[in-house]
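Lettering of chains follows the sequences in order, A, B, ..., and the numbering in each one begins at 1.
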Amino acid sequence: MSAVRVRFSPAPSGSLHVGGARTALFNWLFARHHGGVFLVRIEDTDTSRTREAWVTGILETLRWLGLDWDEDPVRQSRRGAAYREAVDHLLATGAAYEAFETPEELEEMHEARRRAGLPPGYDGRARDLTPAQREALRAEGRPVTIRFRTPDEGTSTFVDLVRGPVSVDWATVSDFVIVRADGTPLFFLANAVDDLAMGITHVIRGEDLLDSTHRVLAIRRALGADDEPRYAHLPLILRPDRAKLSKRHGAVAVEEYRDRGYLAAALVNYLALLGWSPPDGREVLDRDELVAAFELDRVNPSAAIFDETKLTWLNGEWMRRLSLDELVTQVRPFVEDRHPDAEPDLVRAGAALGQERSATLVELAEQMEFLFVTDDELEPDDEGCRRLAATERVAELLDAVIDHLERCEWTPDGVDLRPVVRALGLLPRKVMPALYAAVEGRPRGLPLFEAMLLLGRERTLARLRAARARVGDVGAQPLH
RNA sequence: GCCCCCAUCGUCUAGCGGCCCAGGACGCCGCCCUUUCAAGGCGGUAACGGGGAUUCGAAUUCCCCUGGGGGCACCA
């Protein structure tokens with residue numbers, strides 16, 4: 001087999017979503033596994049839907065995911081000359097022809113065919129116009145598009161790497177437009193021309209493009225190509241309600257997951273498991289392990305639902321695997337977003353305590369937030385207030401704790417409150433949440449004694465006294 | 001409407017004729033550990049869509065049905 005050359009070819013009509021990212025990843029894994037070349041091609045022939053910001057955004061997101069490409073990205077918008085040359089050839093050989101229908105006429109045609117039980121499409125009325133007829137239509141000022149002439153009979157078949165042989169009767173495929181009235185090329189044409197020019201050996205993409213393969217291959221042959229790339233159509237990724245993932249619904253943009261505190265390693269790992277699995281059944285795999293294990297023949301053909309819960313679990317796995325240095329680097333932006341002046345040492349200490357208790361960077365940042373708010377700002381959340389109010393003998397407890405912390409040694413052993421709680425005849429499991437609420441603002445969080453050491457004696461006491469004032473004397477009264 | 005693809009626990013999947021009264025993972029439930037919460041350990045819950053056919057034997061092969069998804073554009 002010749003050296004592998006694959007490409008990821010997004011249309012820049014939005015940011016990179018998880019479906020596109022999975023396609024990019026599989027191409028990248030395939031290339032890296034075989035020591036091949038991974039390319040990016042921006043399919044921006046539809047200028048009305050393209051925005052430059054989307055192009056840079058997509059490339060930036062690919063970089064964030066660690067999917068590096070080997071040559072400068074190809075822009076279809078700059079390859080007009082190549083497409084024109086190809087069209088001239090197709091026109092000259094009769095593989096394509098000019099058509100002159102208005103949008104209204106086409107709409108009518110689609111309707112009529114639908115009524116006749118045919119798929120909407122083109123009836124081929126401009127196929128055999130004479131040069132004179134074409135001139136006349138052009139003189140009327142009608143729009144001119146170029147259509148590819150599909151066979152009237154016979155079957156198109158190609159062997160898909162994940163689905164096996166796929167066939168369709170040409171009779172069901174009508175002549176389709178390859179050049180718009182404004183002269184710009186359409187997907188089928190650009191795709192065929194570019195894959196040929198770029199020497200693409202394997203086309204790995206979503207199943208939504210399965211049907212278009214016959215048409216692209218037909219153009220390619222009409223262009224004189226004597227070989228064809230191997231195709232692998234990946235199963236689609238569906239939303240939990242089984243609908244197709246789209247930008248309209250839910251968090252499907254990769255950048256959104258990044259902003260919500262997910263690690264690139266976790267996203268890559270999770271995406272790799274959607275439609276593929278390694279032979280040994282491992283699930284937590286790093287980039288190198290994925291590259292080593294990846295094979296197209298283990299891609300399964302059925303659609304998969306994107307399960308954010310499992311992604312979150314994997315993210316937790318990867319958070320725990322990070323070194324403390326890496327974790328601090330990753331979480332710092334999330335902390336500084338709300339507390340720009342957060343002390344680096346405290347961030348580091350908080351990250352160390354929270355590393356195995358959080359599944360996302362956002363969660364980790366929230367857990368340590370109590371370290372960066374002033375004692376005045378700290379307000380127990382709703383659940384914290386409830387726990388405070390519902391804890392038996394809470395005033396007595398707080399008094400004892402305050403009393404202890406005022407005089408104890410400020411060391412790990414000194415601030416251990418378990419003896420204090422037990423001396424009151426209370427169970428730590430029952431009453432600790434109230435203390436967490438008082439010091440950290442929520443009834444659960446980073447280990448309390450370590451947290452108090454980080455805050456220091458004065459700040460800890462200030463928070464406990466504020467909580468004591470909040471509960472009043474109610475808790476101090478025996479209930480019976 | 002027409003064409004194409006797909007079909008194992010709620011979800012991601014293993015399985016490529018006997019090793020499967022179906023294995024792993026997430027989730028969920030229970031127990032243990034425990035300063036809260038997590039993490040961790042142990043145990044449990046839960047699936048081959050239906051019907052034919054082939055075969056000594058079918059989750060695995062074939063056919064039909066059903067269901068799901070995709071495509072049919074001057075989007076990609």
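- At the heavy-atom level, A:Ala304 lies under 4.0 Å from the strands shown only through sugar-phosphate atoms.
- Looking at which nucleotide of RNA chain B each of A:Glu43 and A:Trp276 is closest to, the 5′-most match is held by A:Trp276.
- Distances shorter than 4.0 Å separate none of the side-chain N or O atoms of A:Arg357 from OP1 or OP2 on B:U36.
- Going from the P atom of B:C28 to that of B:A73 covers 45 Å, rounded to whole Å.
- Side chain to side chain, A:Arg163 and A:His233 fail the donor-acceptor criterion of an N or O pair below 3.5 Å.
- In this structure, the nucleotide among B:C3, B:U36, B:A73 sitting nearest to the side chain of A:Thr172 is B:C3.
- Note on A:Leu106: a base of the nucleic acid sits closer than 4.0 angstrom, heavy atoms only.
- Looking at heavy-atom distances under 4.0 Å, A:Thr45 makes contact with sugar-phosphate atoms alone, never a base.
- Within the nucleic acid shown, A:Ile305 comes within 4.0 Å of sugar-phosphate atoms alone, with no base atom in reach, counting heavy atoms only.
- Only the C1' atoms considered, B:C3 is 37 Å distant from B:A46, to the nearest whole Å.
- Of all nucleotides listed (B:U36, B:C12, B:C72), B:C12 comes nearest to the side chain of A:Lys310.
- Note: A:Phe148 and A:Tyr97 fail the aromatic proximity criterion, with ring centroids not under 6.0 Å apart.
- The aromatic rings of A:Tyr257 and A:Tyr262 sit perpendicular, their planes meeting at an angle over 60°, well past the 30° parallel limit.
- For A:Leu236, whose side chain is taken as the heavy atoms from C-beta onward, the closest listed nucleotide among B:G69, B:C74, B:C72 is B:G69.
- You'll find a donor-acceptor pair under 3.5 Å spanning the side chain of A:Glu283 and the base of B:G24, going by distance alone.
- The aromatic ring centroids of A:Phe306 and A:Tyr270 lie less than 6.0 Å from each other.
- Residue A:Asn191 places none of its side-chain N or O atoms closer than 4.0 Å to OP1 or OP2 of B:A76.
- As judged by a 4.0 angstrom heavy-atom cut-off over every strand, A:Arg147 is placed among residues touching the sugar-phosphate backbone only.
- Put simply, CZ on A:Arg242 is 15 Å from P on B:C6, counting in whole angstrom units.
- Residue-level contact check: A:Leu314 touches neither bases nor backbone, having no heavy atom under 4.0 Å from any strand.
- Residue contacts shown for A:Arg429 include a base, since a base heavy atom lies under 4.0 Å away.
- Atoms CG (A:Leu274) and P (B:U13) sit 6 Å apart, rounded to a whole Å.
- Here the side chain of A:Leu210 is nearest to one of B:G27, B:C5, B:G71, namely B:C5.
- By the 5.5 Å and 30° criteria, A:Tyr436 is stacked with the base of B:U36.
- Base-pair partner of B:C2: B:G71 (Watson-Crick or G-U wobble, both distances under 3.5 Å).
- B:C31 and B:G15: their P atoms are spaced 36 Å apart (whole Å).
- Separating the P atom of B:A53 from that of B:A58 is a span of 12 Å, rounded to the nearest Å.
- Checked by atom type, the side-chain pair A:Thr184/A:Asp182 shows a donor-acceptor distance below 3.5 Å.
- Note: CZ (A:Arg422) to P (B:U34) measures 10 Å, nearest angstrom.
- Taking atom P in both B:G30 and B:C12, the straight-line distance is 26 Å, to the nearest Å.
- The main-chain N or O of A:Ala437 is never found under 3.5 Å from a side-chain atom of A:Arg387 such that the two would form a donor-acceptor pair.
- As the counterpart of B:A7, B:U66 is assigned, both hydrogen-bonding distances of the Watson-Crick or G-U wobble pattern falling under 3.5 Å.
- Among the protein residues, A:Phe188 comes within range of the nucleic acid bases, having at least one heavy atom under 4.0 Å from a base atom.
- A:Glu450 comes within contact range of at least one nucleobase, with a heavy-atom separation under 4.0 Å.
- Rounded to an integer number of Å, the gap from A:Glu104 CD to B:A73 P is 17 Å.
- Within 4.0 Å (heavy atoms only), A:Ser302 reaches sugar-phosphate atoms of the nucleic acid but no base atom.
- Base pairing of B:U36: no nucleotide in any strand meets the Watson-Crick or G-U wobble criterion (both distances under 3.5 Å).
- Looking at A:Asp44, its side chain does come within 3.5 Å of a backbone N or O of A:Ser77 through a donor-acceptor pair.
- To the nearest angstrom, P of B:G71 lies 16 Å from CG of A:Asp160.
- A:Asn315 and A:Thr360 share no donor-acceptor pair across their side chains, judged by distance under 3.5 Å alone.
- Between A:Arg49 and B:C74, a side-chain N or O to OP1/OP2 separation shorter than 4.0 Å is absent.
- Atom name P, nucleotides B:C37 and B:G51: the rounded distance is 48 Å, in whole Å.
- With rounding to whole Å, A:Leu186 atom CG is found 5 Å from B:A76 atom P.
- No close placement of the A:Phe8 and A:Phe38 rings is indicated, their centers lying 6.0 Å or farther apart.
- For B:A14, one of the phosphate oxygens OP1 or OP2 lies less than 4.0 angstrom from a side-chain nitrogen or oxygen of A:Ser277.
- Considering all non-hydrogen atoms of both residues, A:Asn269 and A:Glu283 come closest at ND2-O, 2.9 Å.
- Contact annotation for A:Asn300: backbone-only contact, meaning every heavy-atom pair under 4.0 Å involves sugar-phosphate atoms and none involves a base.
- At a threshold of 4.0 angstrom between heavy atoms, the contacts of A:Gly206 with the nucleic acid are absent.
- Nucleic acid contact for A:Pro235: none, since no nucleic acid atom lies under 4.0 Å from a heavy atom of the residue.
- The shortest distance between the side-chain N/O atoms of A:Arg205 and the OP1/OP2 oxygens of B:A76 is not below 4.0 Å.
- For A:Trp313, taking side-chain heavy atoms from C-beta onward, the closest of the listed nucleotides B:G71, B:U36, B:G27 is B:G27.
- Nucleotides B:G41 and B:C33 place their P atoms 16 Å apart, quoted to the nearest Å.
- Side chain of A:Pro119, nearest nucleotide from B:C72, B:U36, B:C6: B:C72.
- Residue A:Arg298 places its side chain closer to B:G15 than to any other of B:G15, B:C26, B:U36.
- We find that CD of A:Glu111 is positioned 14 Å from P of B:G1, with the value rounded to whole Å.
- Base pairing of B:U54: no nucleotide in any strand meets the Watson-Crick or G-U wobble criterion (both distances under 3.5 Å).
- A:Glu317 comes within contact range of the sugar-phosphate backbone alone, with a heavy-atom separation under 4.0 Å but no base atom that close.
- Nucleotides B:A14 and B:A22 place their C1' atoms 10 Å apart, quoted to the nearest Å.
- In this entry the distance linking CG of A:Asp211 with P of B:C75 reads 18 Å, nearest Å.
- Remark on RNA chain B: of its neighbouring residues A:Pro10 and A:Pro165, the 5'-side contact belongs to A:Pro165, judged by nearest-heavy-atom nucleotide.
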